[in-house]
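These notes concern the structure reproduced below.
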Amino acid sequence: MRIAVLSGKGGTGKTLVSVNLAAVAQDAVYIDCDVEEPNGHLFFKPQHVQEERITRKVPVVDDTLCNGCRKCVDFCRFNALAYIKDRLIVFEEICHSCGGCVMLCPENALTERDKVIGKVHKGRSGSVRVHTGILNTGETSGVPIIKKLLAGIKGIPDSTVVIDCPPGSACIVMESIRDADYCILVAEPTLFGVHNLSMVYDLVKLFNKPFGVILNKCLEGENPAEAFCLERAIKILSHIPFRSDLGLLTSNAEIAVRKDEQYRALFSNLLDVVMKEVQCEATPHP
Amino acid sequence: MKIAIPVDEKDLRTNVCASFGRAAYFLIYETETKTSVFIDNSSLASPGGAGIKAAQTLIDNQVSALLTPRCGENAAKTLESAGIKIFKTTSVSVRENLADSRDGKLPLLEDIHAGFHGHGGD
């Protein structure tokens with residue numbers, strides 16, 4: 001079972017939910033797809049970490065072969081190539097690695113090289129396998145790292161796979177939820193929270209994914225995110241209270257379910273609810 | 001020598017455009033003949049690298065100097081490798097900037113920004 005945890009903005013509690021859900025499941029894989037700022041490993045402190053470098057292709061020009069025809073310059077939609085003073089210049093950080101310029105070059109002046117853009121760490125924390133994607137500073141897209149992280153997750157059917165997504169609803173999030181069986185949307189009880197919830201709500205509907213909402217940081221009184229769910233008959237999976245003991249555990253990089261029985265019960269119950277939802281959701285949510 | 005200015009409209013009374021890469025047009029002013037031409041900026045709707053493409057357009061038009069309120073780092077790198085000097089505009093009026101440029105009153109643009117890659121574009 002592959003569960004993706006997402007939200008429209010950062011700081012709503014994706015990592016709190018993902019880490020505790022993976023920790024409460026007996027046999028789990030926690031995958032941190034928030035490659036710009038992965039932080040799940042701070043809680044799991046995985047052991048025996050193995051590192052793999054992730055690369056993407058960028059063009060390299062051989063000035064002795066380039067005849068200045070500019071086919072590549074005209075072709076590139078992202079303008080990653082410029083021809084200045086009889087020389088081709090490549091802007092690697094703008095390049096989207098499509099390989100089109102290399103295919104088009106009539107003089108074979110362009111070839112590709114591997115550019116390291118980040119890495120994947122794989123380690124273990126108790127019964128949880130912890131996989132972390134890390135994008136190098138200055139790189140524009142973490143999608144190749146996420147593809148690498150999620151390649152082969154369909155091959156581990158008996159485990160609970162928890163995918164901790166990046167915030168928002170852009171390409172990088174779409175890549176993260178692509179193979180998920182179920183999406184958990186984490187929401188804050190504010191109007192701003194509702195706005196962010198509606199972004200990911202639109203996304204999971206577009207992808208036709210079964211989903212439910214966790215209302216995090218719940219206080220007494222009005223909860224606009226809850227009202228949003230009730231109006232649309234969206235399944236509410238759990239209410240997580242806004243309490244200082246949970247905040248303290250988290251700020252000390254402790255995993256709540258490993259430290260506190262009431263939170264173990266809360267997340268254990270959440271996992272049961274999600275598993276039932278996945279089994280019932282033979283057809284996607286309307 | 002040819003001077004380029006990003007502008008909003010094809011008219012000498014127009015304003016200097018706040019953006020270089022995403023300007024609608026470029027005014028190209030020839031200082032010797034005192035003639036002006038307006039060219040379309042084909043990178044206006046580009047999904048990315050608009051500054052690079054706009055710089056390429058100026059290079060292909062044999063421009064020697066650019067007057068602009070701001071400029072991104074990739075555009076600046078492209079322009080500089082072609083020896084094009086970048087000056088900072090001091091008002092919104094195209095005419096005033098051309099006059100100030102003639103009198104040597106415009107400062108070189110030094111605050112090159114890091115660009116807006118992927119923000120607001122995709």
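Lettering follows sequence order; numbering is per chain, from 1. Just so it is clear, the model here is predicted, and its values are computed rather than measured.
Here the OH-CD1 distance, from A/Tyr83 to B/Ile59, works out to 12.0 Å after rounding to the nearest 0.5 Å. We find the CD-CD distance between B/Glu73 and A/Glu93 to be 7.0 Å, quoted to the nearest 0.5 Å.
Residues A/Asn79 and B/Ser46 come closest through the heavy atom pair ND2-OG, 2.6 Å. Counting all heavy atoms, side chain and backbone alike, B/Ala82 lies closest to A/Lys85 at O-CE, 3.4 Å. Here the shortest heavy-atom pairing between B/Lys77 and A/Phe91 reads CD-CE2, 3.9 Å.
Between B/Ile52 and the options A/Leu81, A/Ile94, A/Val73, a side chain to side chain contact (heavy atoms under 4.5 Å, CB included) holds for only A/Ile94.
Neither the backbone nor the side chain of B/Ala55 comes within less than 4.5 Å of any heavy atom in chain A.
Around the NZ atom of B/Lys85, the shell of radius 6.0 Å holds no more than 12 heavy atoms that belong to other residues, nucleotides or ligands. The 12-atom threshold is exceeded at CG of B/Leu108, counting heavy atoms of other residues, nucleotides or ligands nearer than 6.0 Å. Around NZ of A/Lys148, the count of heavy atoms belonging to other residues, nucleotides or ligands within 6.0 Å does not exceed 12. The local environment of CD in A/Glu37 is sparse, with at most 12 non-hydrogen atoms from other residues, nucleotides or ligands closer than 6.0 Å. No more than 12 heavy atoms of other residues, nucleotides or ligands lie within 6.0 Å of CZ in B/Arg13, so this atom counts as exposed by the packing criterion.
Residues B/Thr78 and A/Ile89 fail the side-chain proximity criterion, which asks for heavy atoms closer than 4.5 Å.
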Below 3.5 Å, can you tabulate the donor-acceptor pairs from side chains in residues 100-107 of chain A to any protein atom, sequence neighbours excluded?
unit_1   : atom_1 : unit_2  : atom_2 : d
A/Glu107 : OE2    : A/Asn67 : ND2    : 3.2

